[in-house]
Amino acid sequence: MQRTALGACALATALMLSACGGGQQSNEPAPSNPPSAAPTMPDLDQFTPAPTGQLDEDTQETASPVEVPTWDEASRTSVIKAAETAMKAFARPNLDQKTWWADVQPLLTQQASADYSYVQPASIPANKVTGAGKLVDDSRAYVGVVEVPTNAGTYTLILNRSAANAPWKVSRFTPPEEAN
């Protein structure tokens, strides 16, 4: 009887182990090509580039190539001229807000338009540009920093452009220390 009990116990143990996966084999076939250790790059020449003038489905913007800006003499001249024009429009404290804003707003970036929309011209200490602007930072091709002298001191203007042929827009007018 003891032998039968031991046999039954061994059989029960074997069945439990096989039920727990100890002896089960997978019915899935082995992979034919095991994954390689290094990722492979697709051949980019097989893809057609996005055509210009196509509408982006996500943003609804038209895709077109953008020329990357670089600093050259024309860029330096245009950023200084844009800064002087903006400062002349900005430094007119005698105007009513509506007239002043109509002249200043087109010269600003979108964010600067939001930032300066409630400025009261009477609070601006300068009322005259007194000299030529000077480019003081051209370390980034999309950003220029120009100092423009006024009768209230030298203002520092930060201007941005989105492409080589895009206009310079003012993102910040910083008054001189003595004007604060």
Side-chain angles (χ1 to χ4, degrees), residues 38-39 41-45 47-95 97-180:
M41 289 296 294
D43 179 13
L44 298 179
D45 292 333
F47 299 108
T48 305
T52 60
Q54 290 291 331
L55 193 63
D56 184 295
E57 293 177 15
D58 296 329
T59 64
Q60 298 301 308
E61 294 178 357
T62 302
S64 59
V66 176
E67 187 178 340
V68 176
T70 59
W71 282 109
D72 56 15
E73 199 54 40
S75 293
R76 287 178 174 85
T77 301
S78 66
V79 73
I80 292 169
K81 184 177 179 353
E84 291 171 348
T85 299
M87 194 64 224
K88 286 175 185 173
F90 187 79
R92 297 182 301 159
N94 297 331
L95 291 179
Q97 205 277 340
K98 186 176 180 180
T99 304
W100 176 84
W101 184 243
D103 293 340
V104 172
Q105 193 274 332
L107 307 173
L108 305 177
T109 63
Q110 185 176 0
Q111 182 61 53
S113 291
D115 294 343
Y116 289 98
S117 63
Y118 295 103
V119 167
Q120 293 301 315
S123 68
I124 299 169
N127 63 12
K128 182 180 179 185
V129 172
T130 59
K134 178 183 173 186
L135 181 61
V136 295
D137 184 357
D138 63 357
S139 61
R140 297 163 287 175
Y142 291 93
V143 180
V145 180
V146 179
E147 291 180 345
V148 180
T150 71
N151 62 326
T154 301
Y155 273 73
T156 302
L157 281 69
I158 300 174
L159 296 96
N160 303 92
R161 61 181 170 176
S162 58
N165 58 354
W168 287 101
K169 301 279 189 162
V170 175
S171 62
R172 183 70 48 215
F173 293 92
T174 304
E177 287 291 323
E178 59 270 17
N180 289 330

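For this chain, numbers begin at 1 and follow the sequence in order. Keep in mind that what you see is a predicted model, and the values were worked out from it rather than measured.
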Residues 77-93 vs salt bridge (Lys or Arg N to Asp or Glu O under 4.0 Å), sequence neighbours excluded, gives R92-D103

Distance col, row I80:CD1 vs L159:CG, nearest 0.5 angstrom, shows 10.5 Å

Once you round to the nearest 0.5 Å, how far does OG1 of T156 lie from NZ of K134?
11.0 Å

Residues that Y116 engages under ring-ring contact (aromatic ring centres under 6.0 Å, His included), provided they are two or more places apart
F173

Stepwise side-chain contact (heavy atoms from CB on, under 4.5 Å) test for L135 and W71
CA-CA 12 Å; L135 181 61; W71 282 109; 4.1 Å; yes

Hits for side-chain contact (heavy atoms from CB on, under 4.5 Å) against A164, two or more places apart or cross-chain, chain-then-number order -> E67, P69

If I compare all heavy atoms of W168 with all of S78, which pair ends up nearest, and what's the gap?
NE1-OG, 3.1 Å

Going by ring-ring contact (aromatic ring centres under 6.0 Å, His included), name the residues that satisfy it together with W100, two or more places apart in sequence or in a different chain.
F90

Minimal non-hydrogen separation, A83 against L157, with atom names:
O-CD2, 3.5 Å

Applying side-chain hydrogen bond (donor to acceptor under 3.5 Å, both in side chains), name anything that partners S139, two or more places apart in sequence or on another chain.
D137

When rounded to the nearest 0.5 angstrom, what is the spacing between CG in D72 and OG1 in T77?
8.5 Å

Do any pairs count as a ring-ring contact (aromatic ring centres under 6.0 Å, His included) and have a residue in residues 122-150, sequence neighbours left out, and if so which ones?
none

If we count only N and O atoms by modelled type, under 3.5 Å, do the side chains of T109 and N160 hold a donor and an acceptor together?
no

The complete set of salt bridge (Lys or Arg N to Asp or Glu O under 4.0 Å) pairs with one or both residues in residues 143-159, sequence neighbours excluded, reads none

L107 side, atom CG; M87 side, atom CE - distance, nearest 0.5 Å
12.0 Å

Can you give me every donor-acceptor pair (side chain of residues 120-127, partner residue at least two apart or in another chain, under 3.5 Å) with its distance?
residue : atom : partner : partner atom : Å
S123    : OG   : Q120    : O            : 2.6
N127    : OD1  : N151    : ND2          : 2.5

I'd like to check the side-chain hydrogen bond (donor to acceptor under 3.5 Å, both in side chains) partners of T150; sequence neighbours left out, ordered by chain and number.
none

Residues forming a side-chain hydrogen bond (donor to acceptor under 3.5 Å, both in side chains) with D115, sequence neighbours excluded
Q111, R172

Treating K169 as the side-chain partner and P106 as the backbone partner, does any N or O pair qualify as donor plus acceptor under 3.5 Å?
yes

Does S162 have any side-chain hydrogen bond (donor to acceptor under 3.5 Å, both in side chains) partners at least two apart in sequence or in another chain, and if so, which?
none

Nearest-0.5 Å distance, OG of residue S171 to CD of residue Q110:
13.0 Å

List the steps, then state whether side chain to side chain donor-acceptor pair (under 3.5 Å) holds for R161 with S75.
CA-CA 10 Å; R161 61 181 170 176; S75 293; 3.1 Å; yes

